[in-house]
There are 2 protein chains.
Amino acid sequence: MARRDEPKVERISEAEHAVMEALWEKSPLSAADVCDRVCAQRDWSMPTVKTLLSRLVAKGAVATEAEGRRFLYTPLIERAAYAGQESRRLVDRLFGGRPASLFAHLAESEALNEDDLAEIERLLKALRS
Amino acid sequence: MARRDEPKVERISEAEHAVMEALWEKSPLSAADVCDRVCAQRDWSMPTVKTLLSRLVAKGAVATEAEGRRFLYTPLIERAAYAGQESRRLVDRLFGGRPASLFAHLAESEALNEDDLAEIERLLKALRS
DNA sequence: CATGGTCGATTACGACTGTAGACGGATCGA
DNA sequence: TCGATCCGTCTACAGTCGTAATCGACCATG
């Protein structure tokens, strides 16, 4: 698996992730914009959002760009990369690194509905062609 | 999805999880036994293992049973339940609650090898029958 | 009966996380 | 030009996590 050298970003915490989601949805955004988006779901105040943004910048997960006197924030890591990293963590930790085990588990626990199965089947067929 | 009312256990941390793995592999075990198993991988000392065991007992994830003067520890939650809970968390957080998206992601990132694909295909076929 | 080893329980403590207030500089309106 | 704003930074603080030393009870042995 040709591992691209992604910007080696430290682990993103749960709260930080919520901020990243906002930025992935749209960027660049000012701190106030981010707050508008996340403070709706999580019940946060401006300072909280700013702290999280700072930490993300410190970690190298987000870039700042001055726009006038304020900063605009842009994610440096891609959502897919993050999702992949987290998925791999889970699969490694709980399923001995075998994705098929995860799938088996989901199937067994009936977490897969008809749509999921159909979709997976379709993907599988596509991969096999 | 008929959710059984599992013992509502607080979130198990990474380190605690390592202890749970030991207990899932074999139980009941004394603290020393657990240490034998986990101190091999993680480089821990006895006190560390005992702290983790205590925390797990406090959280209701592990039960104690006196055997002579020492305690024997037994997991109260099942591995599958834990795996399911964590998987759901991941799918909810990163894939909008759609397991198929997780699968798609794994496929796209080439995290699935031939064996995985074959296995999943087999499972899928079994589910469909 | 005294002593030392064995356990679990208690305490410690630094790092990280979640959450937020206070500070200080830049800026815009008056 | 002067204060009211806006914004990023610094500071704070309680809770959790990872890691471990220490304490106190208990039992076996001399």
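Letters A, B, ... mirror the listed sequences (proteins, then strands); counts begin at 1. Values reported hereafter were calculated over all heavy atoms of this structure, with side chains retained and with hydrogens, waters and symmetry mates removed.
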Open item on the list: Tell me the interatomic distance from B:His17, atom NE2, to D:dG18, atom P, rounded to whole angstroms.
Closed with: 12 Å
Open item on the list: Is there a path of hydrophobic side-chain contacts, each under 4.5 Å between heavy atoms of I/L/V/M/F/W/Y residues, joining A:Leu123 to A:Leu112?
Closed with: yes
Open item on the list: Applying a 4.0 Å non-hydrogen cut-off, can you work out what A:Ala32 is touching in the nucleic acid: base, sugar-phosphate, or nothing?
Closed with: nothing
Open item on the list: Go nucleotide by nucleotide along DNA chain C from the 5' end; which of B:Arg69 and A:Thr51 gets its closest nucleotide reached first?
Closed with: B:Arg69
Task: Pairwise 5' ranking along DNA chain D for A:Arg55 and A:Phe71, keeping only the more 5' one - done: A:Phe71
Open item on the list: Without decimals, in angstroms, what is the distance between A:Leu53 CG and D:dC6 C1'?
Closed with: 16 Å
Open item on the list: Side-chain N or O of B:Lys59 versus OP1/OP2 of D:dC17: is the shortest distance under 4.0 Å?
Closed with: yes
Open item on the list: Just the rounded figure in Å: distance from P of C:dT17 to CD1 of A:Ile12.
Closed with: 11 Å
Task: Separation of D:dG8 P from A:Leu56 CG (nearest whole Å) - done: 14 Å
TODO: Report the C-alpha separation of B:Arg128 and A:Glu114 in whole Å, then their side-chain angles, then the decisive distance to 0.1 Å, and conclude whether the salt bridge (charged side-chain N to carboxylate O under 4.0 Å, His left out) test is met.
DONE: CA-CA 10 Å; B:Arg128 273 314 169 76; A:Glu114 187 48 42; 2.8 Å; yes
Open item on the list: Quick check on C:dG18: is either OP1 or OP2 less than 4.0 Å from any side-chain nitrogen or oxygen of A:Ser13?
Closed with: yes
Task: Per B:Ala15 side chain, nearest of listed nucleotides D:dG18, C:dT19, D:dA21 - done: D:dG18
Task: Comparing A:Leu52 and B:Met46 on DNA chain C - which has the more 5′ nearest nucleotide - done: B:Met46
- [ ] Please report the closest heavy-atom contact between B:Gly60 and B:Leu76, naming both atoms and the distance.
- [x] O-CD1, 3.5 Å
- [ ] May I have the distance from B:Glu14 (atom CD) to C:dC16 (atom C1'), rounded to whole angstrom?
- [x] 14 Å
TODO: Determine yes or no for a side-chain-to-main-chain donor-acceptor pair under 3.5 angstrom, with B:Trp24 supplying the side chain and B:Val19 the backbone.
DONE: no
Task: A:Ser109 side chain vs A:Leu106 backbone, donor-acceptor pair below 3.5 Å - done: yes
Open item on the list: From CZ of B:Arg11 over to C1' of D:dC17, roughly how many Å is that when rounded to an integer?
Closed with: 12 Å
Open item on the list: Quick check on C:dA20: is either OP1 or OP2 less than 4.0 Å from any side-chain nitrogen or oxygen of A:Ser45?
Closed with: yes
Open item on the list: Without decimals, in angstroms, what is the distance between A:Tyr73 OH and D:dC7 P?
Closed with: 10 Å
TODO: Would you kindly give the CZ-to-P distance between B:Arg70 and D:dC27, to the nearest whole Å?
DONE: 13 Å
